[in-house]
Amino acid sequence: VTSRVVELVDATRRGDRVALARLLSVVENGGRDARDAVAALGPLAAVAGIVGITGAPGAGKSSLTAALIARVRATGDRVAVLAIDPTSAFTGGAILGDRVRMQAHDTDDGVFIRSMATRGHHGGLTRATPQAVAVLEAAGYPWVLLETVGVGQVEVAVAGAADTVLVVVNPGWGDGVQANKAGLLEIGDVFVVNKADRDGVAETRRDLEAMLTLSRARGEDWQPPVIETVAINGRGIEELWRAIESHREHLAASGEQARRVEARARQEVRGIVLEQLTAEADIACAGPKFEELAARVVARELDPYAAADELRGAMQKGAQ
Ligand SMILES: Nc1nc2c(ncn2[C@@H]2O[C@H](COP(=O)(O)OP(=O)(O)OP(=O)(O)O)[C@@H](O)[C@H]2O)c(=O)[nH]1
Ligand SMILES: [Mg+2]
C-alpha cells in the first residue's frame with residue numbers, strides 16, 4: 001500500500017477536511033490508488049445512517065437535502081452529502097445549482113458537501129458511490145445523504161447504496177405514474193410529495209398509495225409512508241425525519257438491515273468487475289487488432305459477433 005494513500009486515510013480519520021476531499025477523489029478515480037485506499041480503510045463499520053434522496057429533475061431533492069441537513073444539525077450530529085449527478089458530466093450545471101442552494105451550510109464545520117459526476121462511463125459511479133460512503137464513514141459522519149437524479153438504471157443502483165431511500169415526487173397529474181415508470185416505486189422506503197404548497201396533493205397521494213398497494217408484494221412488513229413537504233419553508237420536514245427514523249428502527253428490528261448490507265456487498269463487487277471489464281474493453285478497442293477486425297467487418301469477411309469473439313480471444317491471450 002502506497003504511503004501517500006495511507007497518510008490520506010489517517011488524516012481523514014483525524015478529521016482533516018482537505019485530506020477527506022482528496023481521498024474522495026482517489027476513490028472516484030478508481031484504479032490502483034482506489035484499491036489501496038479501500039484496503040487501508042478496512043472493513044466498513046456500517047454504523048452510518050445512509051439516506052438516499054431520488055426523484056425527477058427539479059422535484060426538490062436539493063432543497064429537501066438542505067432541510068434535512070438542518071434537521072440533523074439540530075440534533076448535534078455531523079452530516080455529509082454526496083450529490084451524484086450522472087447527467088451533468090459535461091456542464092456541471094445542476095451541481096452548481098446544488099451548491100448554491102446548500103450554501104447556507106457552507107460555513108458549518110459539521111457539514112460536508114461533495115458533488116460527484118460521471119467521468120466517462122456510468123459503471124464507475126456505481127462502483128465509486130459505496131466507496132465514497134465508506135470514506136465519509138471513516139471521517140466520522142454518522143449521517144450520509146445521497147442525492148441522485150432518478151432517471152435511469154444507474155441512479156436506481158446508486159440509490160441502492162442507501163439504507164433508506166426517499167423518492168420525491170410533486171403534486172400534479174401523472175407524477176406518481178412517472179415514478180412508477182422510472183422504477184422508483186420498488187426502491188422507495190419513504191415517499192415524499194414535495195411542493196405540497198401546490199395544487200393536486202391529494203390526487204398524487206391517492207395515485208401513489210394505489211400504485212404502492214399494487215406493486216408491493218415484497219413480503220416485507222414495511223408500508224412505505226407518503227409524507228407531504230414544502231422543502232423551501234420546512235413544512236413536513238419533522239414528519240419526514242420521524243419516518244426516516246422509524247424506517248431505520250424497522251431495518252434493525254426485522255433483520256432487513258443485514259439483508260441490505262449483503263445486497264450492497266454483491267452490488268459493490270459487481271460494480272468493480274464491470275468497471276474493470278469496461279476498462280479492458282476500452283484498451284482492446286484502441287489497439288491494432290480491433291482496427292483490423294473492424295476493417296474485416298466492413299469488407300464483409302466477418303460478421304460483428306465473430307469479430308467480437310476474435311477480439312475477446314485476443315484479449316484473453318493478452319495479444320490485442
Ligand atoms: N413551491 C415550491 N418550490 C419548491 C419546493 N421545493 C423546491 N422548490 C423549488 O423547486 C426548484 C427545484 O428545486 P431543487 O431543490 O433544485 O430540485 P432538485 O430535485 O434538486 O433539482 P435537480 O437537482 O436539478 O434535479 C427550485 O426553484 C426550488 O426553490 C417546494 O416545496 N415548494
Ligand atoms: Mg438537485
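Note that ligands are numbered from 1 as they come in the structure, with each ligand's atoms numbered from 1 the same way.
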(request) With the side chain counted from C-beta on, respond yes when Y141 and L20 share a heavy-atom pair under 4.5 Å apart, and no when they do not. (result) yes
(message) In the structure I gave you, are the side-chain heavy atoms of V111 and R78 within less than 4.5 Å of one another anywhere?
(response) no
(message) Please check whether G58 reaches ligand 1 - meaning an N/O of the residue sits under 3.5 Å from an N/O of the ligand, judged on distance alone.
(response) yes
(message) Need the ligand 1 atom indices (1-based, order shown) with element for anything under 4.0 Å from a heavy-atom of E147.
(response) 20 (O), 23 (O)
(message) Regarding ligand 1, does A231 bring an N or O atom to under 3.5 Å of one of the ligand's N or O atoms?
(response) yes
(message) Nearest 0.5 angstrom please: E249 CD to I244 CD1, how far?
(response) 12.5 Å
(request) Decide whether an N or O pair under 3.5 Å exists between A59 and ligand 1. (result) yes
(request) Indicate yes or no for a side-chain donor-acceptor contact from N170 to the backbone of A59 under 3.5 Å, with no hydrogens or angles considered. (result) yes
(message) Suppose we only allow N, O or S atoms; which atom of E147 ends up nearest to the Mg ion (ligand 2)?
(response) OE2
(message) So that I can check it, does any N, O or S atom in T65 come closer than 2.8 Å to the Mg ion (ligand 2)?
(response) no
(request) Name all residues meeting the side chain to side chain contact (heavy atoms under 4.5 Å, CB included) criterion together with A295; count only those two or more places apart in sequence or in a different chain, and write none if there are none. (result) none
(request) For ligand 1, indicate whether the residue D197 contacts it via side chain, backbone, both or neither (heavy-atom separation under 4.0 Å). (result) side chain
(message) Closer than 4.0 angstrom, basic N to acidic O: yes or no for D33 and R4?
(response) yes
(request) Return a yes/no value for P57: is any of its N or O atoms, backbone included, closer than 3.5 angstrom to an N or O of ligand 1? (result) no
